[in-house]
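Encoded as structure tokens, the structure appears first; notes follow it.
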Amino acid sequence: MNLSILIPLLNEEESLKELYTWIIKVMQSNNYSYEIIFLDDGSTDNSWSIIEKFATENPNVKGIRFMKNFGKSQALHAGFAKAKGDVIITMDADLQDSPEEIPGLYNMITSQNFDLVSGWKKKRYDSVVAKNLPSKLFNWAARKTSGVELNDFNCGLKAYKNVVVKNIEVSGEMHRYIPVLAKNAGFGKIGEKVVQHQARKYGETKFGMERFINGFLDLITIWFLSRFGKRPMHLFGAMGSLMFIIGFLLAGYIGVSKLYHMYTNVRYSLVTDNPWFFIALTTMILGTQLFLAGFLGEIILRTKSNEERYKISSEVNL
């Protein structure tokens, strides 16, 4: 199978018919073998009924429906697990991503041997203040932190080799950082393609300004996990040991200094009257706690089980 097209959605009943017709037209004109997997993230409108109708008419259409809204990352995780195509395309259901871009993305994966190709909405039709400027700041921070040179991490239109999506773990709200997850997993050939961005035709965006705050927090998380996620002791253990040694040496100096004054009959004060004693004690306690945090992190990594992050209520053609 050439293509798996994954479409996460939430309450997009107005746009589904037009999007479906558009995708089918592109598939037929390029003679692709394909599957379309709609990922309904707990819609409360008629989106699932429409998807079921598509699936009845076309066996290449498949669907997964969550019991409630679990988030885009969880929807993509479920879709990646089911995808069978040689190339996986992800796109949003709001008609802001053009299906006409699919052949170009597909060719970059198959002909140019990219592991992943991310769309770049160079010309956007979103609000400048509410979306464009925060997005530029967010993308700049993501580039500097991750080392992945992409201009648009947030673009939902992306293409992947099948082996990429089967070897990355998308959780929380990490869908923004799938290129970073792919790089950390060893897939280094990541490309970018300028794609057409269209103004939203129906409804309103499901994402507010809080997504940028969450995005920056997720960026810090993924930076930490990429460096120390497998070996937390390397960070916490090292910091804890260093702080404990500094505190211990400082406490030792205070103790030896008092004994020397006692031996030479030099006037001295109580150890507890010396503010450096409390600094040394605090440093040793913090060092011990950091060391224990690293130790507990190692234990958790070795004993954790993969918990279920979402509940599927219905599937069709799967």
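Bear in mind that the values here come from a model prediction, so they are computed numbers and not experimental data.
- With sequence neighbours excluded, no residue forms a side-chain hydrogen bond (donor to acceptor under 3.5 Å, both in side chains) with W120.
- One finds the CD1 atom of I190 at 7.5 Å from the CG atom of D115 (value rounded to the nearest 0.5 Å).
- Atom CE of M1 has more than 12 heavy atoms from other residues, nucleotides or ligands within 6.0 Å.
- You'll find the side chain of P179 reaches within 4.5 Å of the side chain of L116, heavy atoms only.
- The shortest non-hydrogen separation linking D94 to S15 is CA-OG, 4.1 Å.
- The shortest heavy-atom contact between G247 and A280 is O-CB, 3.5 Å.
- Scored by the salt bridge (Lys or Arg N to Asp or Glu O under 4.0 Å) test, D97 finds K121 as partners (sequence neighbours excluded).
- The main-chain N or O of K158 is never found under 3.5 Å from a side-chain atom of K193 such that the two would form a donor-acceptor pair.
- Here H77 contributes atom NE2 and I64 contributes atom CD1; the two are 11.0 Å apart, rounded to the nearest 0.5 Å.
- Atoms CG and CD1, on L76 and I88 in that order, are 11.5 Å from each other to the nearest 0.5 Å.
- Under the 3.5 Å distance criterion, with hydrogens and angles disregarded, no donor-acceptor pair is assigned to the side chains of E192 and S118.
- Here the options are I23, L6, L105, V117, the test is side-chain contact (heavy atoms from CB on, under 4.5 Å), and the partner is I89; only L105 passes.
- A donor-acceptor pair under 3.5 Å is absent between the side-chain atoms of N69 and the main chain of G42, judged by distance alone.
- Between G79 and I37 the shortest heavy-atom distance is O-CD1, 4.5 Å.
- Of all non-hydrogen atoms in K189 and Q112, the two that sit nearest each other are NZ-O, 2.8 Å.
- Side-chain atoms of L39 and Q74, non-hydrogen and from C-beta on, never get closer than 4.5 Å to each other.
- By the 4.5 Å heavy-atom criterion applied to side chains, D45 and E14 are not counted as neighbours.
- Of the options I24, L3, N60, a side-chain contact (heavy atoms from CB on, under 4.5 Å) to I36 is made by I24 and by none of the others.
- Residues meeting the ring-ring contact (aromatic ring centres under 6.0 Å, His included) test with Y34, sequence neighbours left out: none.
- A parallel orientation is assigned to the rings of F248 and F244, their planes being inclined by less than 30° (bins at 30° and 60°).
- A search for salt bridge (Lys or Arg N to Asp or Glu O under 4.0 Å) contacts involving K82 returns E315, not counting sequence neighbours.
- Heavy-atom contacts from other residues, nucleotides or ligands closer than 6.0 Å to OH of Y253 number 12 or fewer.
- Checked against the 6.0 Å centroid threshold, F187 and Y160 do not count as a close aromatic pair.
- The shortest distance between side-chain heavy atoms of I51 and R65 does not fall below 4.5 Å.
- When all heavy atoms are compared, the tightest approach of S314 to W48 is CB-CZ2, 3.6 Å.
- Looking at K68 and K311, their side chains never come closer than 4.5 Å, going by heavy atoms from C-beta outward.
- Each side-chain hydrogen bond (donor to acceptor under 3.5 Å, both in side chains) pair with one or both residues in residues 19-28, not counting sequence neighbours, appears once here: Y20-N58, W22-E100.
- The two residues C155 and V195 come nearest to each other via the heavy atoms SG-CG2, 4.3 Å.
- Between the side chain of T90 and the backbone N or O of G156 there is at least one donor-acceptor pair closer than 3.5 Å.
- I246 forms part of a hydrophobic cluster together with L242, judged by ILVMFWY side-chain heavy-atom separations under 4.5 Å.
- Side-chain N/O atoms of D86 and N162 include no donor and acceptor closer than 3.5 Å.
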